[in-house]
Protein chains: 2
Amino acid sequence: MLTERQLFLLQLLVNDYIVSAEPVGSRSIAKRDDVHFSPATIRNELADLEEMGFLEKTHLSSGRVPSEKGYRFYVDHLLSPVRLSESEMGNIRQTYRKQFSEKEDLIRITAKLLSEFTSYTSIMLGPELLEMKLKHIQLVKLTENQGVLIFVTDTGHVENRVVAFPDEFAAEDIEKIVNILNDKLINVPLYDLQNRLQDEVKAALRENVRNYKQVMTLLTSGFKKNESDRVFYSGKSNMLTQPEFQDVNKIISFFNVLEGKDLVRELLNIPPSGVHIRIGKEIKLSGFEDCSIITTNYSLGEGHVGTVAVIGPKRMAYPRVVTLIDVLSRSLSQSLTDKEHDPH
Amino acid sequence: MLTERQLFLLQLLVNDYIVSAEPVGSRSIAKRDDVHFSPATIRNELADLEEMGFLEKTHLSSGRVPSEKGYRFYVDHLLSPVRLSESEMGNIRQTYRKQFSEKEDLIRITAKLLSEFTSYTSIMLGPELLEMKLKHIQLVKLTENQGVLIFVTDTGHVENRVVAFPDEFAAEDIEKIVNILNDKLINVPLYDLQNRLQDEVKAALRENVRNYKQVMTLLTSGFKKNESDRVFYSGKSNMLTQPEFQDVNKIISFFNVLEGKDLVRELLNIPPSGVHIRIGKEIKLSGFEDCSIITTNYSLGEGHVGTVAVIGPKRMAYPRVVTLIDVLSRSLSQSLTDKEHDPH
DNA sequence: TGTTAGCACTCTCTTAACCCGAGTGCTAAT
DNA sequence: ATTAGCACTCGGGTTAAGAGAGTGCTAACA
């Protein structure tokens with residue numbers, strides 16, 4: 001068990017290292033005026049903390065650095081909440097006051113706020129498309145033989161595809177098709193879409209539309225799901241200014257992970273509520289050993305959830321980021337769902 | 001005027017430097033078996049080329065490096081066209097065969113091909129939205145007091161906005177509004193949209209819809225143009241592997257320019273046809289002194305054009321990039337416009 | 001018994017000195 | 001006109017020395 005003084009010193013040391021990025025020595029701790037014991041005493045305590053695995057040295061005679069176990073203890077037991085400044089809160093409120101944008105834009109804006117306020121990298125995952133229900137379908141003719149297939153989901157998500165019309169395609173056909181689609185597919189969740197197409201829609205088309213086979217291929221491929229494009233990054237290059245990323249090879253491997261699919265998969269594995277922190281090797285991605293990820297969820301109403309994440313160095317400003325990610329994910333959720341209640 | 005041999009040596013040297021990234025000495029040139037004169041002769045010639053400003057030395061006794069004037073001469077007079085391999089051509093053809101995607105996706109895919117085949121960074125600018133004409137407008141109700149406003153342009157571009165409905169808003173109103181909009185706004189170019197809204201639409205709404213004032217604010221802000229989101233990047237981090245970008249500060253300033261607005265503005269300044277090359281300081285962006293940009297245009301039919309660009313080090317594989325950007329911009333144009341002619 | 005001063009020791013980082021190799025310009029011979 | 005030879009220059013890598021920061025340990029102290 002840790003003594004009161006050890007807790008105090010551990011917290012001090014981690015806080016110090018988070019801002020300085022350099023091994024912390026006993027002398028520099030002793031110099032603070034809220035510390036009333038000598039460097040020698042501190043050295044003894046730090047040696048104990050090291051023995052217990054909370055601290056490490058970079059070499060035999062260097063100052064101390066938090067170990068992964070140290071960070072873990074810090075975020076679990078020593079995290080003191082932090083207040084955002086008035087101007088920051090005002091800035092956030094103002095941003096979400098802006099109305100009439102695509103829902104995607106709100107997500108993008110949140111990513112941007114998060115990366116700018118933290119100086120780290122932020123990632124937003126959109127909600128699972130397959131869970132959404134169709135709300136409206138439209139087929140718009142562009143030229144003689146191509147058009148746009150548009151569908152809107154219950155969350156206000158709009159997808160569109162350019163499709164090629166079959167030959168001898170009449171304008172009345174479009175209307176018929178749209179009617180059939182809206183009749184048969186409204187409120188159908190996207191994961192059930194292909195089934196419904198093959199059953200009910202196919203039958204209805206056969207009776208009402210010429211070329212129904214070509215129309216079917218048009219629809220089946222037009223409605224094909226599009227798994228990507230649900231990921232928004234911001235502040236990718238913020239990591240460049242972190243002292244632990246002065247090595248170009250580290251930068252390269254960081255970007256490789258960032259642009260790969262593994263990270264997204266990893267992010268989806270988080271528990272569905274609260275703010276979660278993963279530190280260093282707890283993240284199972286090679287190249288992210290020196291990083292930490294803080295995640296939480298946001299909601300789009302009706303049980304649709306998305307994921308918010310901030311990626312920074314292991315030496316991350318945990319208190320501030322935890323507060324920010326919490327505030328911003330709430331603001332986003334509210335903007336996305338409760339818009340109607342506060343349409344100011 | 002340059003002698004035949006000087007031209008030959010200049011070309012050789014630039015080609016060599018492009019792959020090696022290291023100052024080229026007389027000995028290494030003399031070693032090639034298509035060169036039949038001694039290092040000393042070459043030294044004399046190189047000294048002359050340097051005197052004329054085509055070459056530089058990094059220090060007094062180093063090998064030669066092309067100067068900006070040297071690169072300029074090289075791309076203007078010594079650029080030998082390059083053939084893409086069969087597998088590359090096949091790869092490209094196959095990619096564009098895939099159908100039924102959003103037009104944006106085609107642009108994105110082109111960016112990706114370009115950055116992967118060149119190992120540099122590619123940027124695509126979408127066509128000028130304001131030039132497009134409205135083809136179809138839809139207003140879809142999501143909940144009691146919010147909906148999605150969707151509009152489709154003649155190029156197949158689809159925009160959507162989540163909007164808040166006024167209180168006491170009836171379902172019939174929606175239909176009326178959509179009819180009015182489609183009646184008054186079809187084929188109106190976007191730059192003229194706000195005018196038309198204030199004139200004809202306003203008048204029609206006043207006569208047919210309750211709360212017409214609130215509906216007007218809904219529409220005016222809903223149709224507000226959205227200038228961003230027309231830019232697609234790919235291979236941003238490719239530059240990291242270039243030897244001239246081993247310095248973290250260079251990387252930072254490169255990313256800053258890449259993410260800033262100035263670059264896009266600069267890209268819009270290119271002449272409207274053909275492949276253009278800008279080298280080093282010819283680009284008026286601080287931080288891009290060691291880069292070159294190759295640009296061209298693509299077309300979406302009806303006079304709508306977008307811009308394709310590849311950014312690489314000044315020491316860029318010009319012949320290959322010129323060929324690639326040409327082939328890919330053509331393929332993209334064709335996929336975007338002539339789709340109907342080859343609906344295979 | 002807990003705390004502290006003192007001291008020898010360790011390790012990194014910076015600086016300076018040095019050498020090696022690659023390349024040049026110039027001169028003189030071919 | 002071309003080339004061999006040679007003295008010279010400069011960057012990069014290696015080594016050595018010294019400064020600085022920090023530690024662990026021992027012994028003195030309250």
Side-chain angles (χ1 to χ4, degrees), chain A residues 1-10 12-14 16-17 19-67 70 243-244 246-248, chain B residues 1-10 12-14 16-17 19-67 70 243-244 246-248:
Chain A
M1 206 42 220
L2 294 180
T3 67
E4 202 63 34
R5 191 164 70 186
Q6 284 170 333
L7 290 174
F8 176 62
L9 285 173
L10 179 56
L12 232 53
L13 189 142
V14 177
D16 191 337
Y17 184 64
V19 310
S20 75
E22 268 165 25
V24 184
S26 54
R27 252 181 69 88
S28 74
I29 294 183
K31 261 193 237 136
R32 300 178 48 113
D33 28 344
D34 51 347
V35 172
H36 303 107
F37 12 91
S38 76
T41 312
I42 295 171
R43 277 203 290 282
N44 288 331
E45 295 284 36
L46 296 190
D48 289 350
L49 284 168
E50 183 180 352
E51 210 168 307
M52 290 184 271
F54 294 112
L55 298 179
E56 285 171 351
K57 283 187 286 196
T58 60
H59 58 89
L60 197 56
S61 72
S62 76
R64 259 71 172 208
V65 161
S67 68
E244 34 270 275
Q246 292 309 85
D247 177 15
V248 181
Chain B
M1 205 46 219
L2 294 180
T3 68
E4 202 62 35
R5 191 165 70 188
Q6 285 170 331
L7 291 173
F8 176 63
L9 285 173
L10 178 55
L12 231 54
L13 189 142
V14 177
D16 191 337
Y17 184 64
V19 310
S20 74
E22 269 167 22
V24 183
S26 54
R27 252 180 69 86
S28 73
I29 294 182
K31 261 191 237 143
R32 299 178 49 112
D33 29 345
D34 52 346
V35 171
H36 302 107
F37 14 90
S38 76
T41 312
I42 296 170
R43 278 204 290 281
N44 288 330
E45 295 284 36
L46 296 190
D48 288 350
L49 284 167
E50 184 180 351
E51 210 168 307
M52 288 183 271
F54 294 113
L55 299 179
E56 286 170 352
K57 283 188 285 196
T58 60
H59 62 265
L60 197 57
S61 71
S62 76
R64 259 65 173 213
V65 161
S67 68
E244 33 269 276
Q246 291 310 86
D247 176 15
V248 181

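Scope of the values below: all heavy atoms of this structure, side chains included, with no hydrogens, waters or symmetry mates. Here is the naming used below: chain letters follow the sequence lines, and residue numbers restart at 1 for every chain.
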Minimum heavy-atom distance between [X] and [Y], given as atom pair plus value:
X     : Y     : value
B/V24 : B/S28 : CG1-OG, 3.6 Å
A/Y17 : A/P23 : CE1-N, 4.0 Å
A/M1  : A/Q6  : O-OE1, 4.2 Å

* When you match A/N44 and A/G63 each to their closest nucleotide on DNA chain D, which lands nearer the 5' end? ->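 Nearer the 5' end of the strand: A/G63.
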Spacing between [X] atom [atom1] and [N] atom [atom2], to the nearest angstrom:
X     : N      : atom1 : atom2 : answer
A/F37 : C/dT4  : CZ    : P     : 9 Å
A/R5  : C/dT4  : CZ    : C1'   : 12 Å
A/E51 : D/dT23 : CD    : C1'   : 15 Å
B/D48 : D/dT2  : CG    : C1'   : 14 Å
B/E50 : C/dC26 : CD    : C1'   : 15 Å

* Asked: Hey, does A/T58 reach any base, or is it just sugar-phosphate, or nothing, if we go heavy atoms under 4.0 Å?
  ->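 It contacts nothing in the nucleic acid.
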Can you figure out which of [options] approaches the side chain of [X] most closely?
X     : options               : result
B/R27 : D/dT23, D/dT3, C/dG23 : C/dG23
B/L60 : C/dC11, C/dA5, D/dT9  : D/dT9
B/S38 : C/dG25, D/dA4, C/dT24 : D/dA4

Side-chain N or O of [X] versus OP1/OP2 of [N]: is the shortest distance under 4.0 Å?
X     : N      : value
B/S61 : C/dG23 : no
A/K57 : D/dG24 : yes
B/S62 : D/dC10 : no
B/R64 : C/dG23 : no
A/T41 : C/dT4  : yes

* With distance as the sole criterion, do the side chain of B/R43 and the base of C/dG25 form a donor-acceptor contact below 3.5 Å? ->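 Answer yes: a donor N or O sits under 3.5 Å from an acceptor.
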* A/S67 side chain to A/F54 main-chain N or O, any donor-acceptor pair under 3.5 Å? -> yes
* Asked: Would you call A/R64 and A/E56 a salt bridge, taking side-chain N to carboxylate O under 4.0 Å as the test?
  ->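 Looking at A/E56 together with A/R64, the answer is no, because their closest N to O distance does not fall below 4.0 Å.
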